[in-house]
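Heads up: the structure comes next, in structure tokens.
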Number of protein chains: 2
Amino acid sequence: MKQTHTTSGANAERSRAHNRRVVMGKIHSAHEIGRAEIARASGLTTQTVSNIIAELETEGYLREAGRRVQGRGLPAVQYSINASGGYALGIEVRPTALFAAILDLGGTNVATWRLPLSKATPDETLCTLEHLMLDVKRTVQPERIIGAGIAMPGPFGRTGLSGSAHDLPGWEDKDLTKLFSEALELPVQIENDANAAAMAERVTGVAKGLSTYAYLYFGTGLGLGLVSQGQLIAGAFGNAGEIGQLPVNLDGTIAQLESVASRSSIQRHMNNAGIDVSEMDTLDTLHAAQSPALSSWTEQAAKALGQAVAIIENLFDPQAVILGGAMPSGLLKDITSKIPLNVASVSHRPDAPHDRVILGQCGRLTATNGAASLVLNRVYTPVFGPAA
Amino acid sequence: MKQTHTTSGANAERSRAHNRRVVMGKIHSAHEIGRAEIARASGLTTQTVSNIIAELETEGYLREAGRRVQGRGLPAVQYSINASGGYALGIEVRPTALFAAILDLGGTNVATWRLPLSKATPDETLCTLEHLMLDVKRTVQPERIIGAGIAMPGPFGRTGLSGSAHDLPGWEDKDLTKLFSEALELPVQIENDANAAAMAERVTGVAKGLSTYAYLYFGTGLGLGLVSQGQLIAGAFGNAGEIGQLPVNLDGTIAQLESVASRSSIQRHMNNAGIDVSEMDTLDTLHAAQSPALSSWTEQAAKALGQAVAIIENLFDPQAVILGGAMPSGLLKDITSKIPLNVASVSHRPDAPHDRVILGQCGRLTATNGAASLVLNRVYTPVFGPAA
DNA sequence: TTGATTATTCAAGTCAATTGAATTAAACTC
DNA sequence: GAGTTTAATTCAATTGACTTGAATAATCAA
């Protein structure tokens, strides 16, 4: 993930790109907004905003949304995102399947694929992707596809995946960015699934108004995505957020967070109680029926997550911690409400406009949609090259 | 700490400011470097770099450092930072004293003050500062002072300090930035002591080549500074890095990190052994004499810190974790070497160019010098306005 | 109806980047 | 050691994008 950035300098062209993002970002978060207001909020002149909006409109990214009368003076022409003006492709690579989704500029899912993989080796995956692309190009206008985001389970080495813990063999020492961008013929961004999922909530979900938050992702294990000022914190090597091994204290016993709060931990727990939950729907049913075995799991998980949340709040001071991932939403909601919060924390702000722990709303395909959201976030959030 | 940024847009002027920082940053980290090389490293043209360097040189921030023959072609004129071209003021407010330091552009300490405070109320502090400023202006040319950094123990509320844990009463609900910038008549930056200390290592210490790292700070308690891509991670309300309450597991007993690894924990531990260590020098002597009581503390502290390091590495994936603060350096070195590292971590990189845990080198006044380093870091690291 | 207010556009001006050709000084080649 | 190659730097012209200030348009208030 680490690379030498040789483009830290600014020039007119890069200023324009930056300002286009600023404008798109304001429109995205305000939903409908006029030029003058964007100018005030961004520090640009109305003239500049006008020019940029004209450009964005002819390119199809924006559309007029009537005038709004708001007191005296000429009513401002409102602009909003033209959802069909661009599309982002999201790819999630899992050990047994490849998920894909297309989101439009507004963040709405317009297509979803699930392609089985036997081993998820690079060859098989890339080959499957080439077939997928044919389909993708039939679904939306190819020239309207802005880019692709790829979500894979980490951890990442300097290139490719590394370490002994990940479940995708054969990807070590590969230049992932090169591999995918060549196969897809699109600019790509690669993140682990938790990070991608975190972005989904920012672009379309409950984190839309937030710029600094943490996201706990229930995948096979448990992942953490950290977003600071609208950008993912990747860490030096792209592996920030490995929270699974966090030690938690359950009634005097130390356990790893992931072994108590994850999908695989439910399966283990329920199997011990003689119940098979290999199907996700079973879980949903059990939850609706208030299964005692499931609620004893929930209790443990919530307790463990409470400790994780306390640590996250202390170390990162986020606006909120969001919970999401591939779990029945009723169950997730239940967990969310049961997480104990430390009243002595700096995050305890009685006047806060929202809860400290929030339920994510992006559903089971969060990571796939999140992969696409990585692309959308780049449209809406200005970035500048990092320090050397 | 949170505020509405109305200047996220880019223009020619802000581009220039950005590029000046890029150029200063390259020169700072390379020590001596020619224009063409800066151009290559930054993506700017040599012409632009030439213009900026000419500007910076006439302003006194740079100076020529001879030509370097490096093979064929015209030998490049080398430039380096002109240390006396600018000064940064650092202020550290503690409950019983105000520390101040001036660093030159090269990061060298040119003056230090220690002014006793009886209660460190805003009134007393600001009054003391006004007297200090008279002295400061006699020490260096007033117009060469770039700005001031302020280090205070957190946590911060939306304005001022808040919470029950901090030791500076009377600062609640104050607009710190306004208060200090008006008293000093300088642009100011305010951070907690751990964050300031973290910056000291980046500007002058062992973190000079690092852009993403964590810093564990021994103050009265224990603080954490997180630096990502050359910038401090502040969190949503400026309180990121509150690591003191982290639970650690010592032989089955759960303790708070701060109660085992901090200056006050040493005092408690040694008092229990019947030894008084209210003077820091005593500690140094005891360490040199290999006091058994002290080494039993060190062992516990290192064990606890090992757990904290593991969590930091997993959550943040830094290039390194640096240890520093107001402790005898021999003792710190000892702790550093004794911290157990998890071999299974993603941070275990046998080919890394440096250790995973590094001893800081900025000495006892790290936080004060660090406050000044906040200012210097802004000179050397380009920033752009954060997302809305 | 008139004046105040706010949004927007028009036209000119400015800033700071880029581009391409020219100059300088060293190293390599024969 | 004369000529060629290479690299850094400067000179002069150009361009892109933002700003400025004046003009115009549409609404509210009196």
Q | salt bridge (Lys or Arg N to Asp or Glu O under 4.0 Å) against B/K208, all qualifying residues, sequence neighbours excluded | A | none
Q: Ignoring backbone atoms, establish whether B/R16 has a side-chain N or O less than 4.0 Å from OP1 or OP2 of C/dC15.
A: no
Q.
In the structure I gave you, are the side-chain heavy atoms of B/I146 and B/L105 within less than 4.5 Å of one another anywhere?
A. yes
Q | Residues which pass side-chain hydrogen bond (donor to acceptor under 3.5 Å, both in side chains) with B/N377, listed by chain and number, not counting sequence neighbours | A | B/R202, B/T381
(Q) Check this one for me: any side-chain N or O of A/N19 less than 4.0 Å away from OP1 or OP2 of D/dC18? (A) yes
Q: In whole angstrom, give the distance that lies between atom CD1 of A/I52 and atom P of C/dT9.
A: 14 Å
Q) Roughly how many Å is it from CD in A/E13 to P in D/dC18, rounded to a whole number? A) 12 Å
Q) What integer distance in Å separates A/N51:CG from D/dG16:P? A) 14 Å
Q.
According to side-chain hydrogen bond (donor to acceptor under 3.5 Å, both in side chains), who are the partners of A/T45, at least two apart in sequence or on a separate chain?
A. A/T48
(Q) For residues 33-87 of chain B, which residue pairs pass the ring pair (Phe, Tyr, Trp, His ring centres under 6.0 Å) check, not counting sequence neighbours? (A) none
Q) So which pairs with a foot in residues 46-71 of chain B pass salt bridge (charged side-chain N to carboxylate O under 4.0 Å, His left out), sequence neighbours left out? A) B/R16-B/E55, B/R20-B/E55, B/R20-B/E59
Q: For A/E55 and D/dG16, give me the distance from atom CD to atom P, rounded to whole Å.
A: 12 Å
Q: Using a 4.0 Å heavy-atom cut-off, write out nucleotides 5-15 of chain D from 5' to 3' as B (base contacted by protein), S (sugar-phosphate only) or - (no contact).
A: BBBBBBBB---
